[in-house]
Amino acid sequence: MKASQYYFPTLRQAPAEAEIPSHRLLLRGGFIRPLSAGIFSFLPLGLRVLRKVENVIREEMGAAGALEVFLPVLHPRELWERTGRWDSFQPTPLRTQDRNERVFLLGPTHEEVITDLVARDLTSYKQVPLTLYQIQTKFRDEIRPRGGLIRVKEFTMKDAYSFDLNREGLDHSYQAMYDAYVRIFQRLELPVVVVEAEAGSMGGHDTREFMVLNESGEDTIFICDTCGYSANVECAQPAAPPGARSHDSGDGPQLAQTPNARTIDQVCAQLKTTPDRLIKTLLYRADGGFVAALIRGDRDLNEFKLRGYLGTEQLTMATPEEILQVTGAPVGFSGPVGLPEEVRIVADCEIQAMAEAVVGANRADAHLLGVRVGVDFQPAEYVDLREARHGDPCGKCSRGTLQAHRAIEVGHVFKLGTKYSAALDAIVDDEQGQQQPLVMGCYGIGVSRIVAALVEAHHDDNGISWPATAAPFQVAVLLLDPDQPEPRAIAEKLVAALEAAGLEAILDDRAERPGVKFKDADLIGYPLRAVIGRRTAESGEIELRRRRDAQEQVVSADQAVGTARAMLAS
RNA sequence: CGGGGCGUAGCGCAGUCCGGCUAGCGCGUCGGCUUUGGGAGCCGAAGGUCGCCGGUUCGAAUCCGGCCGCCCCGACCA
């Protein structure tokens, strides 16, 4: 390939809207261009990288026994109504309709479509296990796109779905995908941490996310510095505090006036106390009833944990009207003492270890002091409800501490069970002739997001430094004097030899000054660079330089290909 | 959706507070000459609905109102 006939409009300066390194460099290097917020076009270089990533995924999916399919983007409304996700999927999918006003959504994920697909043809246990995958554009109406390719409305995703007769089969299929993921990220030289996580809108269990530790990421994960336990903020477990305290002493609750003190900080200021001596009472509506969740004043409630503990589909915070109706007080003065019987009280473990606490009095402008946990009120249970914080003791080993990190989620595997197969009649006969819903697993990889993650992980002040497996071209041959016939002949011969050896090479024969070619090569991030200049014409020697570590070798023309391969491989 | 910032040539910006010649600068682009191993030099040129609509005014990039777009932070925490 000749650069003079290629298209990679590089920018000396990044557009002002780009802040994180991957966004800036992908724009500057001519890989992508924005069309609208969270919507990008891929230019030839960007597409080449995307295809490289896709192909690594394809090879490993194939090696793991998965078969590629290609599913529709437009999904009829009725299909999603059958699984109940038309109304419940978050974020709300983009919707559209045809001229007959038939309503469709633009697929944010494909559980419904794939399950419907196999349901029509699978009838016997003899036809499973089966794992199908696709690489497809997904649409999500993100509340806020951000970070270039990190979070966008339209993106490329690999999604795989496994179908098995039973749990044991699912375990095998799941493990095969998990192992394939490990190999994919190894080959892409993308360092990942596998963390425990929640399945979110998909529903499921044994959820693991593949995370790239990076400051530009938008997820927070915790890693124990001692035992290596790692989890997403959604489910990271801090250790429960040591044993319950005795609350026999003390005089019991005393009423204190706290006019207009609706927040923890305001209460603390008025009562001259600290947030860790307060109990926050958060009122939720859960599947019809009300639940009061108690959490220490300096902590945040983790709604995923509350939802998981209650086992409910619906969980929303009570409205101000409902709070007034249930507690008799306006927002900001709720407390566990004297709540109606039917309100279920669940408390975070830390509450059990508190001495006398300050709580809302369930009347306007008042709080209760000296409230004794377990005496003045009795929670139904003490459970882990709080969001982990940097430095919390580890819930797994209780010796180490949890370290918080920012991370980019690039892959996700989990077990779905029979939620979709049961709803969409993906049912087969087992050996006994009994009808069984297929047991499913679901496995996603953010392909376009990986492109951004690769740049985040592999760049320096001069530009990108692609791993060889993902690079748009492995070698750039810089022809510094394109007008001179002799150097040009050497360069063209070298490119042909590199290509014959299975390497992708681009010949920079543009009528640009040498400096421009060097700068562009560094910016675009070819793993290897060969220079054909005046020195080459005189000595016949070609200079090879590796982008990653600037290692340089000067070799004769006939050694160049061998040396290039060696430098790329080591 | 709430908060903040921004919108002037392809990119980066100045000018806007305090209205007033023909709207500037750097980079890039085009032509010419010179140059040729880390984003060249000189000469010349092109390129702008100042985000959009409306208002105030003799006069608006600048003041007022509305709208749109882009970026960042936040996400019901009592």
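Below, chains carry the letters A, B, ... as their sequence lines are ordered, and counting in each starts from 1.
Between the side chain of A:R510 and the base of B:rG39 there is no donor-acceptor pair of N/O atoms closer than 3.5 Å.
Residue contacts for A:I295: at a heavy-atom cut-off of 4.0 Å it reaches no nucleic acid atom on any strand shown. Residue contacts shown for A:L478 are absent, as no nucleic acid heavy atom lies under 4.0 Å away. Within the 4.0 angstrom heavy-atom criterion, no nucleotide atom of any strand lies near A:R299. Within 4.0 Å of A:G147, counting heavy atoms only, lie sugar-phosphate atoms of the nucleic acid but no base atom. Among the heavy atoms of the strands lying under 4.0 Å from A:P145 are primed sugar atoms or P, OP1, OP2 only; no base atom is included. A:R33 comes within contact range of no nucleotide atom at all, as no heavy-atom separation falls under 4.0 Å. Note on A:T281: a base of the nucleic acid sits closer than 4.0 angstrom, heavy atoms only.
The two atoms that bring A:I532 and A:P487 nearest to each other are CG2-O, 3.7 Å, heavy atoms only. In this structure, A:E234 and A:N302 approach most closely via the heavy-atom pair O-ND2, 2.9 Å. Across all non-hydrogen atoms, the minimal contact from A:A521 to A:R529 is CB-CD, 4.3 Å. Residues A:L306 and A:L301 share a closest heavy-atom pair of CD2-CD2, 4.0 Å.
When the P atom is compared between B:rG41 and B:rC1, the two are found 49 Å apart, to the nearest whole Å. Nucleotides B:rC76 and B:rC52 have their P atoms positioned 38 Å apart, rounded to a whole Å. Taking atom C1' on both nucleotides, B:rC25 is separated from B:rC68 by 29 Å, rounded to a whole Å. Separating the P atom of B:rG51 from that of B:rA61 is a span of 10 Å, rounded to the nearest Å. Atom C1' of B:rG24 sits at a distance of 10 Å from the matching atom of B:rU8, rounded to the whole Å. Separation of the C1' atoms belonging to B:rA75 and B:rC67 is 26 Å when rounded to the nearest angstrom. Using atom C1' as the reference point in both B:rA9 and B:rC53, the two lie 23 Å apart (nearest Å).
Ring centroid separation for the pair A:H367 and A:F333 comes in under the 6.0 Å cut-off. Ring centers of A:F89 and A:W80: under 6.0 Å apart, within the cut-off.
For the pair A:L35 and A:R545, nearest-nucleotide mapping onto RNA chain B gives the more 5' position to A:R545. Place A:D300 and A:T536 on RNA chain B by their nearest nucleotides, and A:T536 ends up nearer the 5' end.
For the pair A:P34 and A:I39, the minimum side-chain heavy-atom distance is 4.5 Å or more.
Checking A:T274 against A:D276 by side-chain atom types alone, a donor-acceptor pair falls below 3.5 Å.
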Taking N or O atoms only and anything under 3.5 Å, show me the protein contacts with nucleotides 31-36 of chain B, one pair per line.
from   : atom 1 : to     : atom 2 : distance (Å)
B:rU35 : O2     : A:R513 : NH1    : 2.5

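The side chain of A:M317 sits closest to B:rC76 out of B:rG37, B:rC73, B:rC76.
Annotation: ring pair (Phe, Tyr, Trp, His ring centres under 6.0 Å) contacts of A:F377 (sequence neighbours excluded): none.
With a 3.5 Å ceiling on both atom-pair distances, the Watson-Crick or G-U wobble partner of B:rG2 is B:rC73.
With A:T327 as reference, A:L339 is the one residue of A:L339, A:V343, A:T281 to meet the side-chain contact (heavy atoms from CB on, under 4.5 Å) rule.
Taken residue by residue, residues 9-31 of chain A places heavy atoms nearer than 4.0 Å to RNA chain B at A:R12, A:Q13, A:A14, A:P15, A:A16, A:E17, A:E19, A:R28.
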